[in-house]
Amino acid sequence: MGYECDKCKILIVEDELLVRKALRYIIEQESDEFEIIGEVTNGEEALEFLEQSLPHMMICDIMMPRMNGLELLRAVNLKYPEVSTIILSGYQDFEYVKSAFKYGVFDYILKPELESDYLLRALRLLGRKKGVIHAKDHGGSGGEEACPEQGDACTTYYLIAIQPGKILQGATNKQELTIGHMEEMIKEAFGRFYLDSFILKKSQVYIYTIGCFYPEMFDGKLRTMTGQGTAYLRNIEMIISPPYEKGVSLEAEVQKLSELFSYRFFDSRKDYLDLRETGILQLPALDQKTVCDLVRQQKAGTAGAVLVEYLSSLRGMAVSEMAVKKLMESTLYNTIFELNENEFCPPQLEERKLSFLTAIGTTDSLEGLIGAIAAIYQEIGQITEEARGSGLYLRITEYLYRHYSEPVTLKTLAADFNMNYSYLSSYFSSHMGQGINEFLNSVRVEKAKELLAASELSLSEIAQEIGYTDQSYFGKVFKKQTGYSPHTYRNRAKRQGEKL
């Protein structure tokens, strides 16, 4: 099916009669370059029409009964790819509009802001691109909005994201006023190229979509806006996205932008971040294993220095504050986990873990995070060094004196001290000159001596009292330690009137 007309053929697909009439009036009354060859009210009718007559382009509503604009675009893209489309939508249809771009939509016009000059400009751009009509002077205002004959001026999109700065946090009225001023400046600066706005409520990020113009036009309009907004930029954090081509998922890009308001965390010298210059960067890799190994080797200070060097390398980078803090938290968790698995984790370190995480999470600048990490790993070094010295074995002996009457085992003791049980055994033996079980038996025997000399408890009751469930075993241990059986010891102690 070919084209046999010197005019650009248009099919209108719109369920609202008044909108169809408005479109027909604008196109037929103000331009002799176009011919409306049909009007239909939904996607099914449009497909039936296309089987009989093929237009150069469609003007299509995004929300229609029976078959909506997205379903129609999908079908046309597969069967009639030579037909180009300009879509119409309301403010609330932005999610549908983003989905429509992957089907090769040429432009996007908001119904509430439908203007004859913008509609005709878009139609002429598309007509010239398809080679159906030729460029000529239509009495436009000229200047930076005049469009060259070649190229597609409607293929580039930008996102402008703004968020109230720290100064205005908690001040709802001031926040709304400032956001309102910024939005008015954006609309005034970008005019009809301002497409849509919405808010990410969870993060209180305001997103503005700008499109349908050449990149060089964006720079001038951005300068206009920032020049007018100097007084507000100090209280507003703003991000300018890189240019996006049609087909890009703007929804995914919005999420990336919302995570980058922490840029001020890394570089407070600028009032806004222009990703056209820097791009969105990935967080550099960190060798967490080296950090964990250094701590285990009693070099926590060196491990902290490695992390400080890594954090220092992030100055001025467009990376996420949340991602960096989560990386530091993950490294801390892994450090403590490695101590638990491969050597030991002193109780104080477990007790301090929450405060360490709080210190990381509450920092409000890169310098603050660097200071917190350096202090944390210095403290980790002090705790582990003390634990490896006399402090730990003294605490273990104190624990055994307090809990001798309980069913203490090497395994339960290691669990209570967050230590590997095999390391605990060798550590205790090296410092005390005897094993834990031997030491525990000596503590129990000393207590048994006191009870044998000063009480009328039976041997079975005494065995239970000091932590033995088997009286026979208690007797063997007691005799090995003292040279007497418990019965003999009691008789001798009572004759002498004191513990032997």
Side-chain angles (χ1 to χ4, degrees), residues 262 265-266 283-312 314 319-400 402-403 408-428 431:
S262 58
F265 182 86
F266 301 97
L283 192 63
L286 170 65
D287 186 358
Q288 293 190 41
K289 185 177 184 303
T290 294
V291 175
C292 295
D293 288 345
L294 287 169
V295 174
R296 195 172 60 251
Q297 296 163 12
Q298 296 182 252
K299 298 177 181 177
T302 305
V306 169
L307 293 176
V308 165
E309 182 179 358
Y310 173 85
L311 291 172
S312 299
L314 302 180
V319 293
S320 166
E321 172 189 352
M322 181 180 297
V324 173
K325 288 183 175 180
K326 283 188 177 299
L327 180 60
M328 293 298 104
E329 291 171 355
S330 169
T331 304
L332 177 64
Y333 268 116
N334 288 338
T335 298
I336 296 175
F337 178 80
E338 287 291 322
L339 289 176
N340 269 316
E341 286 292 301
N342 299 294
E343 193 170 314
F344 69 90
C345 183
Q348 301 97 314
L349 198 52
E350 282 289 347
E351 293 168 3
R352 292 285 291 144
K353 184 166 66 175
L354 180 59
S355 62
F356 289 159
L357 295 173
T358 301
I360 291 172
T362 55
T363 53
D364 58 5
S365 69
L366 180 62
E367 296 307 320
L369 181 57
I370 288 174
I373 288 297
I376 287 169
Y377 277 80
Q378 181 180 7
E379 186 171 347
I380 289 174
Q382 292 171 347
I383 291 173
T384 53
E385 183 177 352
E386 178 186 354
R388 288 182 173 91
S390 61
L392 179 60
Y393 79 82
L394 289 176
R395 285 193 295 277
I396 294 174
T397 58
E398 290 171 1
Y399 178 93
L400 294 174
R402 291 197 305 271
H403 299 277
V408 177
T409 66
L410 181 59
K411 188 174 182 179
T412 59
L413 186 63
D416 286 340
F417 277 83
N418 296 302
M419 296 175 66
N420 178 281
Y421 71 89
S422 61
Y423 179 82
L424 173 60
S425 178
S426 61
Y427 167 81
F428 190 87
H431 282 81

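Note that this is a predicted model, so its numbers are computed, not measured.
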Do [X] and [Y] have side chains that get closer than 4.5 Å, going by heavy atoms?
X: Q288; Y: L327; value: yes
X: E309; Y: S312; value: no
X: L332; Y: I380; value: yes
X: L357; Y: Y333; value: yes
X: H403; Y: D416; value: no
X: Y377; Y: V306; value: no
X: L307; Y: I376; value: no

Atom [atom1] of [X] and atom [atom2] of [Y]: how far apart are they, to the nearest 0.5 Å?
X: F428; Y: L400; atom1: CZ; atom2: CG; result: 6.0 Å
X: D287; Y: Y310; atom1: CG; atom2: OH; result: 11.5 Å
X: R402; Y: T397; atom1: CZ; atom2: OG1; result: 9.5 Å
X: I360; Y: I373; atom1: CD1; atom2: CD1; result: 4.0 Å
X: K289; Y: L294; atom1: NZ; atom2: CG; result: 10.0 Å
X: T331; Y: I336; atom1: OG1; atom2: CD1; result: 11.5 Å

Taking every non-hydrogen atom, the tightest pair across [X] and [Y]:
X: V291; Y: A303; answer: O-CB, 3.6 Å
X: A372; Y: A359; answer: CB-O, 4.1 Å
X: A374; Y: V308; answer: CB-CG2, 4.1 Å

Given 3.5 Å as the limit, does a donor-acceptor pair link the side chain of [X] with the main chain of [Y], or not?
X: Y399; Y: L413; answer: no
X: S330; Y: K326; answer: no
X: K325; Y: T363; answer: yes

